[in-house]
Each structure stands twice: as C-alpha cells, then as structure tokens.
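Data block below; observations after.
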Amino acid sequence: MLNGKTAVVTGGGSGIGKATALKLAADGANIVVVHMDPEEKAAAVIEEIEALGVKAKAIRMDVSDFSAVEGMIGDIVAEFGSIDILINCAGITKDGLIARMKEDQFDAVISVNLKGTFNMIRHCTPVFMKQKHGTIVNVSSVSGLIGNPGQANYSTSKAGVVGLTKSTAKELVSRGVRCNAVAPGFIATDMTANLSKNNKLVDMIPMKRMGTADEVADLIFFLASDASSYITGEIIKVDGGVAI
Ligand code: NAD
C-alpha cells in the first residue's frame, strides 16, 4: 500500500496521467497533479481523487520552466512533507514532416517532453537523496524507440527520455532511487482523438485496437510500487505488439 506516500504526477489532469493519479490514490498515495489544462478540468480530477480518501492538489504550471519547477517542488515538500513517487507524464505533440517543420514546432516539443522531464527529475533529486528513497517513472513512447514519420520532434524528445531514464537510474541507484520508463503505443486519449477513427492505423496494431489509458496506468503503477523493487533503468513497451 502507498498510504502516507506522496506522488507528483505531471500531466495528471488528463488521459494516461489522470488514470495513473487515480490508481496511485486508490492505493493510498496523496497526489499532486501538475498540468496545463483548464482549471475546471483539473478541479474535477482533484474531486475524483479526494473521493478516494487521500489528499490532492492541482498545480497549473509549465514543466519546461526550470526555475518555476524548482519553486514548485519546494512548495510541495513544505506542504506534503515528502515526495516519494514522481511520474513524468506531461507531453505534447506538434506533428509535421521534417521538410516543413518550423523551428518553434521542434523546440516546443523538446522543451515540454524532454526538458520538462529533466526539470522535474533535477529538482526532485535533492529531495530523494535526502530521504534516501524515491521512484521515478517517465513516459516515453514507441515513437522514441522505432521512429515515426511526421514526428521527428516528438520521437526525438521521447528517445531523449530513454537516455535520461537510463542515466538517472545509473546515477541515483546508490541513493535508493529507481528510475524506469514506459513506452506506450497508440492509446485512446485526447492526444490521439483524431487518430482513433483511422482504421488503417488500428489494422497495423497486432492486437487490432488502441490501448486504454488504464492499461498504461497499470504498468506505471507497477513500476512506481514496491512490486518492481528490483527493476531500474528499464523501458517497457505497452503497445499491443505494434513495436515488436
Ligand atoms: P493528454 O493530452 O490527454 O494529456 C497530456 C497532459 O499533459 C495534460 O494534463 C496536459 O495539461 C499536460 N501538459 C501538457 N503540456 C504541459 C506542460 N508544459 N506542463 C505541464 N503539463 C503539461 O495526453 P496523453 O495521451 O494522456 O499523454 C500522456 C503522455 O503519454 C505524454 O507524455 C504522451 O507523449 C505520452 N504518450 C501518449 C501516447 C498516446 O497514444 N496517447 C502514446 C505514447 C506516449
């Protein structure tokens, strides 16, 4: 059980992050949701989490802002007493072919998906080192493992998350900190709303369907909990077989 532990879930206001926040809360963890969603949407998520009997708070903040993340982590520790679990799920897409991709389209995706993940790990690390424990789960993508036409910015950011996960795991293992990543395939969320009606895409998936946010959250929960206590530096696909 995660009773009394605090989990910070970036991107916890929607899709995979929301499903993960609810699973961690159902097991007893207090939850901080970091998001860029409309305030009312996040407030509804917090209500759902609190109904499970734990403490919850939403913070609307851009994870790509290094110093804002630093301040936020300090505030969370002051209010919740610790951070035990960090889930880096905040992410965006700005798809386009390389020949037409604008500089800001590339930079924005790298800033949120890769630098944002680094910023969170960077500022949680002193907290984890002091406590001598901590668990990090990053959300990469099969796009970062095998590439995807139209996603040079996104797949680069998600491949970066793979390297970041492995370096973090090696660097912090002696401090009692584990760091792993999940690599989802096509998952039905707001991010993929316009893909879900694409029959050709679904046909490419060996399981012949998109995954659900819950199916990814189950894996994130496993990697965040003591059930995976001997696993670190691992990247696990949850993709219906699409990247076999
Ligand atoms: P989603 O759009 O439903 O949720 C994204 C969340 O990230 C939202 O809560 C949003 O507010 C938050 N966010 C966006 N930019 C932010 C920022 N700058 N700072 C803080 N929060 C920010 O998408 P999702 O499908 O649930 O995606 C979650 C993660 O899973 C992302 O990292 C995404 O790249 C990854 N992923 C998704 C799929 C898929 O098929 N849906 C596949 C592979 C990987």
Side-chain angles (χ1 to χ4, degrees), residues 8-23 31-46 48-49 58-66 68-69 72-73 86-95 107-120 123 137-148 150-151 153-162 164-165 181-196 198 201-202 204-205 207 209-217 219-220 223 235-240 242-243:
V8 177
V9 184
T10 75
S14 176
I16 296 168
K18 176 185 168 186
T20 302
L22 285 167
K23 268 189 214 299
I31 306 290
V32 179
V33 165
V34 182
H35 67 96
M36 284 299 282
D37 302 305
E39 298 284 6
E40 320 77 65
K41 186 176 174 185
V45 173
I46 294 303
E48 262 189 77
I49 296 172
I59 302 175
R60 191 169 195 281
M61 215 212 55
D62 182 353
V63 290
S64 66
D65 184 332
F66 186 86
V69 169
M72 177 186 72
I73 296 300
L86 168 62
I87 312 293
N88 283 306
C89 196
I92 58 168
T93 52
K94 286 190 185 293
D95 295 352
D107 290 348
V109 172
I110 299 293
S111 289
V112 175
N113 299 6
L114 180 54
K115 190 182 166 211
T117 302
F118 168 74
N119 288 345
M120 293 296 299
H123 295 304
V137 184
N138 298 324
V139 180
S140 177
S141 165
V142 293
S143 180
L145 303 179
I146 62 171
N148 198 20
Q151 289 201 312
N153 50 359
Y154 183 79
S155 63
T156 302
S157 73
K158 294 299 187 178
V161 168
V162 170
L164 177 58
T165 300
V182 301
F186 294 104
I187 311 300
T189 66
D190 289 356
M191 185 178 270
T192 52
N194 58 344
L195 298 181
S196 53
N198 184 339
L201 183 142
V202 171
M204 270 167 40
I205 306 170
M207 288 194 187
R209 66 171 178 88
M210 291 178 80
T212 66
D214 258 339
E215 288 173 313
V216 181
L219 177 59
I220 297 175
L223 290 172
I235 317 297
I236 304 183
K237 288 179 287 182
V238 45
D239 69 346
V242 85

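Counting begins at 1 with the first residue of the sequence. In listed order, ligands and their atoms are each counted from 1.
Remark: T93 engages D95, Q151, Y154, M191 in a side chain to side chain contact (heavy atoms under 4.5 Å, CB included) (not counting sequence neighbours). Residues passing the side chain to side chain contact (heavy atoms under 4.5 Å, CB included) test with E215, sequence neighbours excluded: R209, T212. Looking at residues two or more places apart in sequence or on another chain, you find a salt bridge (charged side-chain N to carboxylate O under 4.0 Å, His left out) between D214 and K23.
Of the inter-residue distances, the one linking I187 atom CD1 with D239 atom CG reads 8.0 Å to the nearest 0.5 angstrom.
Within 4.0 Å of ligand 1, heavy atoms belong to protein residues G11, G13, S14, G15, I16, H35, M36, D37, M61, D62, V63, C89, A90, G91, I92, V112, V139, S140, S141, Y154, K158, P184, G185, F186, I187, T189, D190, M191, T192.
Contact check for I73 versus M120: side-chain heavy atoms found under the 4.5 Å cut-off.
The backbone N or O of N88 sits nowhere less than 3.5 Å from a side-chain atom of N138 that would complete a donor-acceptor pair.
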